[in-house]
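Have a look at the structure below before the remarks.
As the structure is a prediction and not an experimental result, all values here were calculated from the model.
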Amino acid sequence: MEMIESNMIPDGPIIHSSRTKRRIFPSDASIILVGCRGAGKRTLGFIAARHLGRRLIIEDHSFEQATGCSRTNFLQKYGRETFNQQMAIVLARMIKLNQTNCVIECGTGTLSPVIEEILKGYLETNPIIYIHRDKEDLYKLLKLPVTDAERLLIADQKHRDFSNLEYFNLFDPSGEGHVTEDIPLRSALTSSARLVDVKQEFKNFLDYIFGHSLTRSWVSNPFSIKAIPPEYRTYTYVFHLRLSTLINLNVDLAALEAPGEAVELIIDTWPNNVLDIIAAQVALIRRKLDIPIIYNVEENPREERKRPIEERDAADLELMLHGFRLGVEYLSLDLERSPHLVSHILAMRGRTKIIGNYVARGFGAPKWTDDFYIERYLYAQRLGCNIVRFARFCAAARDDALRQAFVDRILALPDPKPCLIAYDYSVFGVVIPFQDKIMNPVGHDSLEKSSREQMAGVSTTRGSLRDVFRRGWLQPLNFYTLGSNVYYSASPSMHRAAYEHYMMPHTFDARRCTTLEEVDRIRQEPGFGGASLTAPFKVAIMERLDHLSTHAIAIGAVNTLLPLRGETDSILDHANSRNRAGVASRFYGDNTDWSSIVTCLRRAISPRNSVQPSRTTGLVIGAGGMARAAIYALIKLGCRMIFIHNRTKAKAEEVARHFNTYALEQKLVRQNDGELICHVIESPNDPWPDSYQQPTMIVSCIPASGVDDNPPVDFRMPFQWLKSPTGGVVIELAYEPLITPLVVQVRKIREEGNTSWVIVDGLEVVGEMAMEAFELMTGRQAPRRLMRRVCNETWEKTCAPFQPQR
């Protein structure tokens, strides 16, 4: 068996190397955080330092080291002028000595003119990120009088003058101890960890700055939707969302889940504080929709006043550069705008991909065979655009053959070349929503069509996909959960709901299988789309597969089976063959159990129990395929001391050897010192080893049936293993029954006063598994809120009436 070929998709701009590009920093350039007090610089600094493996340099501490007293005492003792001079000296020295591999948090003195000049000197070499947040949140946090707070916020905006990036620190309610209340029997504490969303969003922002976003996603899972940009996938859609709509209609973005593969934020109005408003909306889109943003500053928005060209170019240039500061993935640039504006934007784009945009308007729009389109495509290529988009007004009957002839001419050009988007539109929007295979504009059923919108029309992603399947360009497939005990599986109902969301005519069934031969017969069917595997196939299936992910190899188990129907060996070809029928001769095995466990642990780990490799201890109950995934999850979180308990000692020792070998191969431990990551604890009567801290992460991987040499389902955790003074997280992977003896045991501990223990039940984990499986199998973003709701409803109808009440 082998790992599938990794044909990386080019992420950088296709542009001559001599052209100046800004916001491209050396990979070791120190990050500098600026902003007013209360913006969250210190917290984000800790997140950045941990994510990038860097030192955190805090200006307050540097000032005390240099002067021997705090900034407050120094100011009181020597006055403002001397204080500002000393601050400038400290800051200049602090940055000079830490220009690489650090995260530098600047204090509130950065608004002095001298310090501004010092920071401006680093704009070309270092990412300087302006951190700010909603003013209402700031009022509550600082408890300032409104007048003082307004003065502070107005002054704070000056940070834009000496920063090159901007991050809006959106309020994150996680960590407020919200208990799942959907079902009274549920145990999950859904958000005990603090700043779950902010941590992920800021890490994504940092990956964008240093160009790691695609690489990290690709290495993690090359079939994930984040590993392949939408311009390289087939039948992708761009959800058009206007700033005027967001401002005037008070849109609940969370209700618009999975609206397309990207969202095009169209700046079509200019309210007061427009830069702050845009920053907040970009942050909201990232949190609620979690898809790439195409940033489009409309030149002549409908229902807005006509602007003189000088005013228009100056204002729009500022708005476009603001999009770059916010780290948007794409910017749509009309290449027929003034040459000065176009050249300035191309020079300042950093890592943002440029969509060179042409709109052929009016009844006299050239036909697709006209050299107009070829000439402009080649011009966009010379400029260095990553994508070229043509929209042609079509008043009469369109001629698809002519458009296809133009597309074929472009495809015949030598590589590398920009991706091409080309479609007709009329007064009602895009003439046919699937005329082009990538990034077609769409709207959403729940939003009224804006009179300002010209392209999206009434098309939606789900409606367009329905028509694509009806025309036979994609085919209905059959998906499965396969295993010996799958009768209670919640996966089918979740997948079916997601298919209905997208109007995809797929099926999903739980099929009981006891032999590999049964699995082989199913996967050889022409309509086989993929399968989630449970016991007893996770380990046994591996030798029959052609390709394995790095995770499956590391874990030694597979839980996701995909047919490979691509005509070549490239991952891109295989990925774009999803949702297509035909007998498959090759198969790919992946493991997503571990990532679902990681997601649930990150949500639940309290700040007191944050993972420290030298101290944190984990405990895994069981030694089957799921236990292997749990151990791998703990390793990925940074845990380097993991104990395994299993009814059959030999099985536990086999798993421990597997991961100890893996740790040596990955250089996670020092070979000469004889360090081990995994240890076996033999008996529930054994005391917890004195030389290790009590476990703060416990994962019970006991299946309800008790198969695969695991302990029986009524296993109870020895009390001497639950004495962590800071509590911890217990994940119970069994969910039928949901209220297992372990859940009852930890509930009792909580009721007796130790509320620092958090329970994550099996339904929480299985929901994450189903959502990730859906995305791998279909190549579409999972409608997560819908799938979670259906998961809970299904369990409540089919299983809850038979659950123990304690």
What pair of heavy atoms forms the shortest contact from [X] to [Y], and how long is it?
| X | Y | value |
| --- | --- | --- |
| Ala262 | Ile291 | C-CD1, 3.7 Å |
| Ser549 | Tyr588 | CB-OH, 3.1 Å |
| Cys639 | Met697 | CB-CE, 4.0 Å |
| Trp757 | Ser724 | CZ2-CB, 3.9 Å |
| Arg640 | Leu668 | NH2-CD2, 3.8 Å |

### Query
Is the distance between the ring centroids of His679 and Tyr692 under 6.0 Å?
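Centroid separation for His679 and Tyr692: below 6.0 Å.
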### Query
Under the criterion salt bridge (charged side-chain N to carboxylate O under 4.0 Å, His left out), which of Glu768, Glu772, Glu257 is the partner of Arg784?
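Checked Glu768, Glu772, Glu257 against Arg784; only one passes salt bridge (charged side-chain N to carboxylate O under 4.0 Å, His left out): Glu768.
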### Query
Which class fits the ring pair Phe508 and Phe479: parallel under 30°, tilted 30 to 60°, perpendicular over 60°?
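Rings of Phe508 and Phe479: parallel, as their planes differ by under 30°.
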### Task
Output every pair passing side chain to side chain donor-acceptor pair (under 3.5 Å) with a member in residues 616-639, not counting sequence neighbours, ordered by first then second residue.
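Only His551-Tyr632 qualify under side chain to side chain donor-acceptor pair (under 3.5 Å).
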### Query
Will you find, in the side chains of Thr514 and Glu518, an N or O donor that is under 3.5 Å from an N or O acceptor?
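Present: a donor and an acceptor within the cut-off.
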### Query
Between Asn221 and Asp590, does any side-chain donor sit less than 3.5 Å from a side-chain acceptor?
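Side chains of Asn221 and Asp590: pair found under 3.5 Å.
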### Query
Checking Arg578 side chain against Leu776 main chain: does a donor-acceptor pair fall under 3.5 Å?
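Yes, the answer is positive, given that a donor and an acceptor are paired below the 3.5 Å cut-off.
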### Message
Tell me whether Thr778 contacts the main-chain N or O of Arg780 through its side chain, where contact means a donor paired with an acceptor under 3.5 Å.
### Response
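Indeed, once roles are kept as given, a pair shorter than 3.5 Å links the two residues.
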### Message
Could you work out, with salt bridge (charged side-chain N to carboxylate O under 4.0 Å, His left out) as the rule, every residue matching Glu201, not counting sequence neighbours?
### Response
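Testing Glu201 for salt bridge (charged side-chain N to carboxylate O under 4.0 Å, His left out), a comparison that skips the adjacent residues, returns Arg287.
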### Query
If you measure from the Lys or Arg side-chain nitrogens to the Asp or Glu carboxylate oxygens, is any gap between Glu793 and Arg789 under 4.0 Å?
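Salt bridge between Glu793 and Arg789, a charged N being under 4.0 Å from a carboxylate O: yes.
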### Message
A cation-pi test, strictly: NZ or CZ of Arg544 under 6.0 Å from the centre of the six-membered ring of Phe587 and no more than 45 degrees from its axis. Yes or no?
### Response
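Not flagged: Arg544 not positioned over aromatic ring of Phe587.
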### Query
Would Asp207 and His51 satisfy side chain to side chain donor-acceptor pair (under 3.5 Å), going step by step from the backbone distance to the final call?
CA-CA 9 Å; Asp207 287 344; His51 179 59; 3.0 Å; yes
